[in-house]
Amino acid sequence: QVQLVESGGGLVQAGGSLRLSCAASGRTDSSHAMGWFRQAPGKEREFVATINWRLGSTIYADSVKGRFTISRDNAKNTVYLQMNSLKPEDTAVYYCASRPIATMAKTERSYDYWGQGTQVTVSS
């Protein structure tokens, strides 16, 4: 089992920045890739970014490319999502997820463990 706890969400004005954290505990040796997803009200959950835990390679959704940065701190078993130039359409609950396979993935079903989510609200 892997436990994931997100933090860092909040209310920010458009153009501002937030950094989300996702702390992993438990069988972290089975977390080979981590992902961030988000779900806006009335919409399906969508992929945001993913990172290979060992190599640090990344993939981003087109909607956040150039504005968001995913990174990890292996020593702290923590993954981050730095969000800059935030827009009202970035408003959502943000979830981190882990999967036991190193290959990065963009689909929900590819991830085995999920955090509880953290709310990000961007005001115009």
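Between Tyr80 atom OH and Cys96 atom SG the span is 12.0 Å, to the nearest 0.5 Å. Distance check, rounded to the nearest 0.5 Å: OG of Ser110 to CZ of Arg99 gives 5.0 Å. Summarising the geometry, atom CD1 belonging to Ile51 is positioned 5.0 Å from atom CZ belonging to Arg72; distances are rounded to the nearest 0.5 Å. The line from SG of Cys22 to OH of Tyr94 is 14.5 Å long, rounded to the nearest 0.5 Å. The structure places OG1 of Thr69 at 6.5 Å from CG of Asn84, a figure rounded to the nearest 0.5 Å. Between atom OH of residue Tyr113 and atom CG of residue Leu4 there is a gap of 9.5 Å, rounded to the nearest 0.5 Å.
Side-chain atoms of Tyr60 come within 3.5 Å of backbone N or O of Ile70 as a donor-acceptor pair. Under the 3.5 Å distance criterion, the side-chain polar atoms of Arg19 are left unmatched by any main-chain donor or acceptor of Gln82. With Thr91 contributing its side chain and Thr121 its backbone, the two residues share no donor-acceptor pair below 3.5 Å. One N or O on the side chain of Glu6 and one on the backbone of Gln116 form a donor-acceptor pair closer than 3.5 Å.
The side-chain heavy atoms of Thr58 and Thr50, taken from C-beta on, include no pair separated by under 4.5 Å. Residues Val2 and Asp112 have side chains not in contact (no heavy-atom distance under 4.5 Å, counting atoms from C-beta outward). A heavy-atom distance below 4.5 Å is found between the side chains of Met83 and Leu18.
A salt bridge does not link Lys87 to Asp90: none of the charged side-chain nitrogens sits closer than 4.0 Å to a carboxylate oxygen.
When all heavy atoms are compared, the tightest approach of Leu55 to Asn52 is N-OD1, 2.6 Å. When every heavy atom of Gly9 is checked against every heavy atom of Leu20, the shortest pair comes out as N-CD2, 3.6 Å. Contact detail for Pro88 and Ala14: the closest heavy-atom pair is CD-CB, 4.1 Å. Taking each heavy atom of Ala102 and Ala33 in turn, the nearest pair found is O-CB, 3.9 Å.
Using a 3.5 Å distance cut-off with no hydrogens or angles, the side chains of Asp73 and Thr78 do not pair a donor with an acceptor.
With sequence neighbours excluded, the residues that form a salt bridge (Lys or Arg N to Asp or Glu O under 4.0 Å) with Glu46 are Arg38.
Clustering of Ile, Leu, Val, Met, Phe, Trp and Tyr by side-chain heavy atoms under 4.5 Å joins Val93 with Phe37, Phe47, Ile59, Tyr95, Met104, Tyr111, Trp114.
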